[in-house]
Asks: 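This is the structure I want to talk about, given as structure tokens.
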Amino acid sequence: MTDDQQHHDDNKLIAERRQKLDALREQGNPFPNDFRHDVLAAELQQAHGEKTKEELEPLAIRAKVAGRVMARRGPFMVLQDQSGRIQIYADKAIQQEIKHWDIGDIVGVEGVLHKSGKGDLYVMIERQQLLTKSLRPLPEKWHGLTDTEQRYRQRYVDLIINEETRDTFRIRAAVISGIRQYLVERGFYEAETPMLQVIPGGATARPFVTHHNALDLQMYMRIAPELYLKRLVVGGFDRVFEINRNFRNEGVSTRHNPEFTMVEFYQAYSDYRDMMNLTEDMLRTVAANVLGKTEVEYQGESFDFGKPFARMTVVESILHFNPGVTEQQLGDIVEAREIAKGLGIPLKDSYGLGKVQIEIFEKTVEHQLKQPTFITEYPTEVSPLARRSDSNPFVTDRFEFFVGGREIANGFSELNDAEDQAERFHKQVAEKEAGDDEAMFFDEDYIAALEYGMPPAAGEGIGIDRLVMLFTDSPSIRDVILFPHMRPLHK
RNA sequence: GGGCCGUUAGCUCAGCGGUAGAGCAGUUGGCUUUUAACCAAUUGGUCGAUGGUUCGAAUCCAUCACGGCCCA
């Protein structure tokens, strides 16, 4: 596209700004990079916001601030930097000099800090520099950018204009660093395991398929880091974790994005009960540190991370939320199938009792688990990587964690019996061959690792996105992912 | 994949068969310690796209695109 066409395509607002930029070019480089701020807006507000005008004036505090012009109010402008906002004031002479500044421009300003009659801090401009000309007009100052599609497609605009969006991603960053700090303080090593895998393992899900040209090899985007992290436990990393993306080739919804962030961690010489205790303490700690409290307000409901989390088994929870159902019925494959059919759950012939129970659980219990709740004793049939319960081989030493009716975490005592693991893989392969494209592959090397011996261990994965949704009162997972996936626009 | 809803100025939205509108932003001027600053004037549009119905379509119908919510 030629310059002429480019200019022709601009609307009038952009064309006007482009003319100002052209004028700046004639005077020199319009994109200088020699201004250095020495303080952030929020630092000024925090240090001096409470001072009276009389207290502040004699101090004659000098400040260099830089940021984006967000509003104009007579001789004042509002500057926004990463930390917050500060006003700047231009006398008549300076006003003439900065007449070409537009809302959205990035500027640097130096002067003395003052307080206005109404009690707001401002920097009285002595020297000023336009650092970057903004060519596109920002959305409206009062309503901000509300169009969901544009907020997701142009997140940078959303971040400039909507403070709630900035807050959401600040909290996200704080949650991730809080979890990282919690684990590191307890002796966990952070690891990075392959995102490109030849055998996608560690979960039952449809993977993304890709191709490595040089090796001429079909590869998969990982669906979980689990099997690699447990190889590290075999290798002697008794406490290890990874915070990174998983990819699952599934639909998108308010709760699902094809790539999402998990923290997975493994701890040798511990079991699933230790993991539940750790989870409870970690989430309580992170909530307190990030939110300043342990009650979480979410979409009109309140969830209390301060109280001990409820714990019940899969069967107990089904009985609790289905008063007409008895434990005997749930334990019988024929009767359990009848119950599921009565609930309108489609069943495959291949489903065993454990799978049927979980279908009933997901349909009738999951969405009702509002307050923080651990559900334990998941059937072995649906837990191909978890250790069987010593007292009841039908179930595993596994739990899932729910808040607000959503699964947030999944953990278990690890299966470290190589022969049992091989058998479970064989079952998965049989299911895959029967048409279940979510079933697992047989991972020979993982079996080999277990044959070297993995210490008794437990591990867990926590869905970061869903946790951040809770902590930021976000109704959609897309609100907590900076650049959620969208269909490309044509042309 | 199915159902419902949406797409109009840079942004937020009215208009729902008869000349395309408002607020903010922009431009010009005034004011000059403002707080969604204010006052006056003013610019700005393939009404998502393509077909159709009609004397006449932003408006009704169909198809498509993109998005949202709910369901599978």
Side-chain angles (χ1 to χ4, degrees), chain A residues 8-21 23 41 45 49 52-53 56-57 68-80 84-105 111-125 133-163 165 250-257 299 343-348 359 362-363 366-367 405 474-479 483-491:
Chain A
H8 183 77
D9 289 345
D10 289 343
N11 73 29
K12 195 179 150 193
L13 298 175
I14 296 177
E16 281 166 1
R17 290 178 176 220
R18 212 177 278 280
Q19 278 171 17
K20 291 180 186 175
L21 177 60
Q45 303 286 8
T52 65
K53 200 174 167 66
L56 189 63
E57 297 298 331
R68 195 183 289 274
V69 177
M70 297 303 293
R72 247 202 277 251
R73 300 178 192 130
F76 291 89
M77 287 185 175
V78 177
L79 220 62
Q80 174 173 291
R85 293 181 164 201
I86 185 88
Q87 293 201 109
I88 57 177
Y89 176 89
D91 65 25
K92 280 222 161 186
I94 305 252
Q95 278 177 48
Q96 276 310 112
E97 293 180 39
I98 64 175
K99 233 181 150 180
H100 60 288
W101 286 11
D102 288 301
I103 289 174
D105 287 355
V112 173
L113 189 66
H114 293 273
K115 199 156 208 188
S116 73
K118 296 275 172 60
D120 253 15
L121 293 176
Y122 64 88
V123 176
M124 172 91 82
I125 303 174
K133 187 74 197 164
S134 170
L135 294 174
R136 294 175 182 252
L138 288 177
E140 206 224 355
K141 62 188 172 189
W142 186 242
H143 299 92
L145 183 65
T146 62
D147 182 74
T148 325
E149 181 172 355
Q150 203 176 337
R151 285 183 50 230
Y152 297 155
R153 286 192 196 276
Q154 295 187 287
R155 183 68 91 185
Y156 40 92
V157 180
D158 187 28
L159 286 165
I160 290 169
I161 206 80
N162 291 328
E163 191 179 4
T165 304
E250 292 158 2
V252 296
S253 77
T254 49
R255 274 158 289 203
H256 298 87
N257 196 62
Q299 303 292 298
L343 291 163
I345 299 170
L347 296 177
K348 290 181 187 160
E359 292 286 327
E362 286 177 358
K363 175 92 178 186
E366 189 166 324
H367 65 280
S474 299
S476 169
I477 197 170
R478 286 177 218 114
D479 295 325
F483 301 101
H485 290 290
M486 308 282 277
R487 280 183 193 274
L489 295 168
H490 290 278
K491 292 177 185 175

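Quick note: numbers below take in every heavy atom, side chains included, and nothing from hydrogens, waters or symmetry partners. Reminder, nothing fancy here: chain letters follow the sequence lines and each chain counts from 1.
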Asks: Quick one: side chain to side chain contact (heavy atoms under 4.5 Å, CB included) partners of A/D120, sequence neighbours excluded?
Replies: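 Listed in chain order: A/Q87, A/S116.
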
Asks: Hey, could you give me the CD1/CZ distance between A/I14 and A/R136, rounded to the nearest 0.5 Å?
Replies: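 That separation rounds to 5.0 Å.
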
Asks: Counting primed atoms plus P, OP1 and OP2 as sugar-phosphate and everything else as base, spell out the protein contacts along nucleotides 67-72 of chain B at 4.0 Å heavy-atom distance: B, S or - for each nucleotide, 5' to 3'.
Replies: SSSS--

Asks: Taking the P atom in each of B/rU28 and B/rC64, what is the distance between them to the nearest angstrom?
Replies: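 These two P atoms come out 48 Å apart once rounded.
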
Asks: Just jot down the salt bridge (charged side-chain N to carboxylate O under 4.0 Å, His left out) partners of A/E359, sequence neighbours excluded, or say none.
Replies: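 Expected list: A/K355.
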
Asks: Atom NZ in A/K115, atom CD in A/E57: separation rounded to 0.5 Å?
Replies: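 Here the interatomic distance stands at 10.5 Å.
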
Asks: Across nucleotides 27-34 of chain B, 5' to 3', mark each nucleotide with B, S or - according to how protein heavy atoms within less than 4.0 Å reach it.
Replies: S-S--BBB

Asks: How far apart are the C-alpha atoms of A/V69 and A/D102, what are their side-chain angles, what is the distance that settles it, and do they pass the side chain to side chain contact (heavy atoms under 4.5 Å, CB included) test?
Replies: CA-CA 7 Å; A/V69 177; A/D102 288 301; over 6 Å; no

Asks: Say you pick atom P in B/rA41 and the same atom in B/rG23; how far apart are they, in whole Å?
Replies: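 Straight-line distance between the two P atoms is 11 Å.
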
Asks: Starting at CD of A/E163 and ending at P of B/rU35, how long is that distance when rounded to a whole Å?
Replies: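 Value for this atom pair: 20 Å.
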
Asks: Could you tell me which residues satisfy side-chain hydrogen bond (donor to acceptor under 3.5 Å, both in side chains) with A/E163, sequence neighbours excluded, listed by chain and number?
Replies: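 For A/E163 there are no side-chain hydrogen bond (donor to acceptor under 3.5 Å, both in side chains) partners, ignoring immediate neighbours.
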
Asks: Expressed as a whole number of Å, how far does the C1' atom of B/rG17 sit from that of B/rG3?
Replies: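 About 29 Å, rounded to a whole number of Å.
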
Asks: A/N162 has an atom CG; how far is it from atom C1' of B/rA36, in whole Å?
Replies: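 Atom-to-atom, A/N162 to B/rA36, this comes out as 15 Å.
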
Asks: So, using side-chain hydrogen bond (donor to acceptor under 3.5 Å, both in side chains) as the criterion, who are the partners of A/N162 when residues are at least two apart?
Replies: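 A/N162 satisfies side-chain hydrogen bond (donor to acceptor under 3.5 Å, both in side chains) with A/D158 only.
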
Asks: Just the atom pairs and distances: protein N or O near nucleotides 10-14 of chain B's N or O, under 3.5 Å.
Replies:
| from | atom 1 | to | atom 2 | distance (Å) |
| --- | --- | --- | --- | --- |
| B/rC11 | OP1 | A/Q150 | OE1 | 3.4 |
| B/rC11 | O2' | A/E140 | N | 3.1 |
| B/rC11 | O2' | A/G144 | O | 3.1 |
| B/rU12 | OP1 | A/T146 | N | 3.1 |
| B/rU12 | OP1 | A/T146 | OG1 | 3.3 |
| B/rU12 | OP1 | A/D147 | N | 2.9 |
| B/rU12 | O3' | A/T146 | OG1 | 3.2 |

Asks: Not counting sequence neighbours, which residues clear side-chain hydrogen bond (donor to acceptor under 3.5 Å, both in side chains) with A/Q299? List them please.
Replies: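 Testing A/Q299 for side-chain hydrogen bond (donor to acceptor under 3.5 Å, both in side chains), a comparison that skips the adjacent residues, returns A/D473.
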
Asks: Determine the interatomic distance between C1' on B/rG29 and the same-named atom on B/rU43; round to the nearest Å.
Replies: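 15 Å, rounded to whole Å.
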
Asks: Residues in salt bridge (charged side-chain N to carboxylate O under 4.0 Å, His left out) with A/E16, at least two apart?
Replies: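 Scan of A/E16 (salt bridge (charged side-chain N to carboxylate O under 4.0 Å, His left out), adjacent residues dropped) gives none.
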
Asks: Partners of A/F76 by ring pair (Phe, Tyr, Trp, His ring centres under 6.0 Å), sequence neighbours excluded?
Replies: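 Scan of A/F76 (ring pair (Phe, Tyr, Trp, His ring centres under 6.0 Å), adjacent residues dropped) gives A/Y89, A/Y122.
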
Asks: Considering non-hydrogen atoms only, spot the tightest contact between A/G104 and A/L138 and give its length.
Replies: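 The pair with the smallest heavy-atom distance is CA-CD1, 3.8 Å.
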
Asks: Can you tell me, in whole Å, how much space there is between the P of B/rC61 and that of B/rU7?
Replies: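 About 14 Å, rounded to a whole number of Å.
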
Asks: In whole angstrom, give me the gap between the C1' atoms of B/rC24 and B/rU63.
Replies: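 Each nucleotide's C1' atom is 37 Å from the other's.
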
Asks: Below 4.5 Å, heavy atoms only, C-beta onward: do A/P475 and A/T254 meet side chain to side chain?
Replies: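 A side-chain contact is absent here, since even the closest heavy-atom pair is not under 4.5 Å.
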
Asks: Sort by first number and list every stem of RNA chain B: at least 3 consecutive Watson-Crick or G-U wobble pairs, both distances under 3.5 Å.
Replies: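 Ordered by first number, the stems with RNA chain B (at least 3 consecutive pairs each) read B:1-7 with B:65-71, B:10-13 with B:21-24, B:26-30 with B:38-42, B:48-52 with B:60-64.
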
Asks: Got A/I125 and A/M77 here, is their nearest side-chain heavy-atom distance under 4.5 Å?
Replies: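 Answer no - side chains too far apart.
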
Asks: Test of understanding: with side-chain hydrogen bond (donor to acceptor under 3.5 Å, both in side chains), list the residues that count as partners of A/S476, not counting sequence neighbours.
Replies: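 Counting only residues at least two positions away or on another chain, A/S476 forms no side-chain hydrogen bond (donor to acceptor under 3.5 Å, both in side chains).
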
Asks: What is the separation between atom CZ on A/R85 and atom P on B/rA36, rounded to the nearest whole Å?
Replies: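 Whole-Å distance recorded here is 11 Å.
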
Asks: Write down the distance separating the C1' atoms in B/rA22 and B/rU33, rounded off to the nearest Å.
Replies: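 So the two C1' atoms sit 31 Å from each other.
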
Asks: Rounding to an integer number of angstrom, what distance separates B/rU8 and B/rG48 when you compare their P atoms?
Replies: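 The same atom, P, in both gives a distance of 6 Å.
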
